[in-house]
Amino acid sequence: MCGIVAFNGLNDAEERIIQGLEKLEYRGYDSAGIAIIEDDKLQVVKAAGRLEALTDKLKDRPLKGTVGIGHTRWATHGVPTETNAHPHVSSDGRVAVVHNGIIENFQAIKDDLSEKGYTFYSDTDTEVVANLIASKFQGDLRKAVEDSINDVVGTFSLAVLSVDDPDKLIVTRRESPLILGICDDGVFAASDVPALLAYTRDVIYLNNDDIVEIDKDSYHIYNHGNPVQRDVQTVEWSLESAGKEGYDHYMIKEIFEQPKAIKDCLRRKVTDGFIDLKDQSFTKEEIEAFDHIYISACGTAFHASQVGKRALEDALQREITADIASEFRYNMPFLNENSLLIVVSQSGETGDTLAVLREAKLRGAKVLAITNVVGSSVDRESDKVMYCDAGPEISVASTKAYSTQLLSLYLLALDFGYKLGTYGREDVKMAIEEFESIPGKIEEILEDIDTLDPIAERLAKHPAVFYLGRGIDYLSAKEGALKLKEISYIHAQSMPAGELKHGSIALIEEGIPVVTIITQSPLVEKSISNIKEVKARGAYTIAITDEISTQFSDLSDAVIRVPAISDLYAPILAVLPQQVLAYKVSVLLGNDVDKPRNLAKSVTVE
Ligand code: AGP
């Protein structure tokens, strides 16, 4: 996600801001910029690409001034270019803004400001905020910011400068974190603690809708116009751990970010409790005209795609093809100009997935991408795109990307099904209500993860683990097995539970762990018989289930319960215990959890 660093004090701001941005690089970004008030003039320097591109420009022309704002951009609106980089300046040149978050109603505000004569040069929602503040400015920058955020719907942390109030730095936040760093010679505002630690450990975690007016030697916090006090806290973290916000690894941090990721993924796809994909999807006529729909991806993204296939088949009442990209590229004889290809890719740069996308485009097919990286190759080369909005996923093992890929596919299926009449308005509303309950359900699961420790200790002792499931539960089992094998190096095999007796059951021996996913109501009895089958041969059986039945307790050595949800949506919850188990086993084995051997975060080679 984006990084903000701002400073107002008695010493030069440029150096402090740049060092802070360097400490936020771990967050992932694609461009950077800085604005400083120098001799009462607004000086802005921006660069696409790495931070070095910005600091190279500053070496040639350093900025002198003690109040400034800086930014590293993780694109959400508008591809990564210097034009779209922050800071953004109002068209009258008076106000500069850096922003982290998503302004949902930016288009309506932009249209209104355009009618008032404001002009725009970028594709970003942030530039709209800069012009909105300029339009509200009547001599008091804090008031202008306060009046502006009252009009905004969405999430933001903002740092604002104006040549008309040159000694002031105004910062504010809603949902997107912003922290003050209190120094002897001034005050920082930053997205995250690492940016501050070189100068101070005294911090203030701002509340939603706090607005802070920072002068050279003081700061005042307001909330809805009233002065408020916030406690100064002392950060105990080391710089190394601070990037992970106190978590030991990015993977566990990203597992715990899933409630927020789900909320953010819904933000741009749902309006007033109803599906609203805007230009991310196709019209009824276009959907009806597709002769066939294909979904293709790799690894975890493919596992999500297979669940997406089920959702789309239910919505369209016709067969959908889902295939692994590295195979599908050699086996797509029927894909043609009347087909739709859906590609799913966290990084948007996976070589095998891009190969399929490019072949489909050569044949004239339409392509819809589901990706987590704005401006990625998959994004730029597709006809339509749905962003997962999960924020940067740093750990090689994909977690929040998987859950937001699932949600995006569910939403796409809901959109298609509603347009084609399979689902009525009430069906859609009920599904959206279930989606909105997912963050809370995930938090419920994550409250009890310490209870998984004994299970993880058992798994860590075995060279092989089985993951079983029937129907959609088998698709969840595939993701669980991949998580375990890629970060623990244990041979984890997923298979359809019904298939075990056709050969693989020969591998079941005393003590071997067998994880069985049981969430599909019509298949519970059959899945129970599979547990009995392996238990009779000495397996250590673990059931992951949303069934409240007590029979599992007698039957399984361990039962991990997840909250109930519609069968089709169960994978989004059943994956949580599997992600956590894999993480715990990897830590027990002393592996490099975030950078496991032989693996890369984005496999750009074919
Ligand atoms: C998932 O944990 C793996 N890191 C890997 O399977 C990954 O999902 C796969 O390489 C696809 O990557 P993409 O989503 O960036 O295309």
Side-chain angles (χ1 to χ4, degrees), residues 28 74 249-255 257-258 261 265 295-308 322-329 341-358 367-382 385-409 467 475-490 492 494 571 575-576 578-583 585-586 591-606:
W74 168 265
H249 302 95
Y250 284 111
M251 183 179 177
I252 191 68
K253 173 172 174 269
E254 287 153 10
I255 287 172
E257 283 177 340
Q258 288 181 106
C265 182
I295 316 177
S296 192
C298 301
T300 286
F302 174 63
H303 296 156
S305 302
Q306 288 188 296
V307 177
D323 202 351
I324 290 175
S326 57
E327 289 297 310
F328 185 53
R329 59 185 298 190
L341 170 69
I342 299 168
V343 290
V344 183
S345 177
Q346 189 287 130
S347 64
E349 301 299 344
T350 299
D352 291 321
T353 308
L354 278 168
V356 169
L357 186 161
R358 288 164 181 162
V367 178
L368 183 150
I370 293 175
T371 185
N372 194 37
V373 181
V374 176
S376 61
S377 301
V378 157
D379 174 7
R380 282 181 283 108
E381 297 179 34
S382 297
V385 63
M386 293 175 78
Y387 298 121
C388 294
D389 287 322
E393 189 176 67
I394 311 292
S395 188
V396 164
S398 196
T399 51
K400 61 179 183 174
Y402 173 74
S403 48
T404 52
Q405 286 162 1
L406 283 176
L407 182 59
S408 299
L409 285 159
Y467 284 76
L475 306 181
S476 294
K478 292 178 78 172
E479 177 56 15
L482 176 60
K483 287 283 92 55
L484 184 68
K485 74 177 78 168
E486 68 175 323
I487 62 176
S488 73
Y489 317 147
I490 291 172
S494 60
V575 75
L576 269 294
Q578 300 181 88
Q579 293 170 346
V580 173
L581 274 176
Y583 171 76
V585 173
S586 182
N591 293 350
D592 184 342
V593 174
D594 289 323
K595 299 188 183 71
R597 68 185 184 195
N598 309 339
L599 288 173
K601 182 57 186 169
S602 177
V603 183
T604 55
V605 297
E606 294 178 14

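Counting starts at 1 for both ligands and their atoms, in listed order. Quick note: numbers below take in every heavy atom, side chains included, and nothing from hydrogens, waters or symmetry partners.
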Close N or O approach (Thr353, ligand 1; < 3.5 Å): no
Contact (N/O only, under 3.5 Å) between Gly348 and ligand 1: no
Test side-chain contact (heavy atoms from CB on, under 4.5 Å) applied to Ser408 and Cys265, step by step: CA-CA 7 Å; Ser408 299; Cys265 182; 3.5 Å; yes
Within the 3.5 Å criterion, strictly below it, is a donor on [X] or [Y] matched to an acceptor on the partner's side chain?
| X | Y | answer |
| --- | --- | --- |
| Ser476 | Gln578 | no |
| Gln579 | Thr399 | no |
| Glu349 | Ser377 | yes |

Least distance between heavy atoms, Cys388 atom then Asn372 atom: CB-OD1, 3.7 Å
Where Leu357 and Ser382 come nearest, the two heavy atoms and their spacing: CD1-OG, 3.5 Å
Nearest-contact summary for [atom] - protein heavy atom, Å:
| atom | value |
| --- | --- |
| atom 3 (C) of ligand 1 | Glu486 OE1, 3.5 Å |
| atom 4 (N) of ligand 1 | Val396 O, 2.8 Å |
| atom 10 (O) of ligand 1 | Val603 CG2, 4.0 Å |
| atom 16 (O) of ligand 1 | Thr350 OG1, 2.5 Å |

Note: Glu393-Lys400 ion pair, threshold 4.0 Å (strictly below): no
Residue-ligand contact Lys483/ligand 1, heavy atom below 4.0 Å: yes
Should you measure from each heavy atom of [X], which atoms of ligand 1 turn up under 4.0 Å away?
| X | value |
| --- | --- |
| Thr300 | 1 (C), 2 (O), 6 (O), 8 (O) |
| Ser398 | 1 (C), 2 (O) |
| Gln346 | 13 (P), 14 (O), 15 (O), 16 (O) |
| Ala301 | 8 (O), 14 (O) |
| Gly299 | 6 (O) |
| Ala397 | 2 (O) |

side-chain hydrogen bond (donor to acceptor under 3.5 Å, both in side chains) between Gln346 and Ser398, intermediate numbers included: CA-CA 8 Å; Gln346 189 287 130; Ser398 196; over 6 Å; no
Backbone N/O of Ala301 and side chain of Ser305: donor-acceptor pair under 3.5 Å: yes
Nearest neighbour of atom 11 (C) of ligand 1 from the list Pro596, Ala325, Cys298, Ser345, on a heavy-atom basis: Cys298
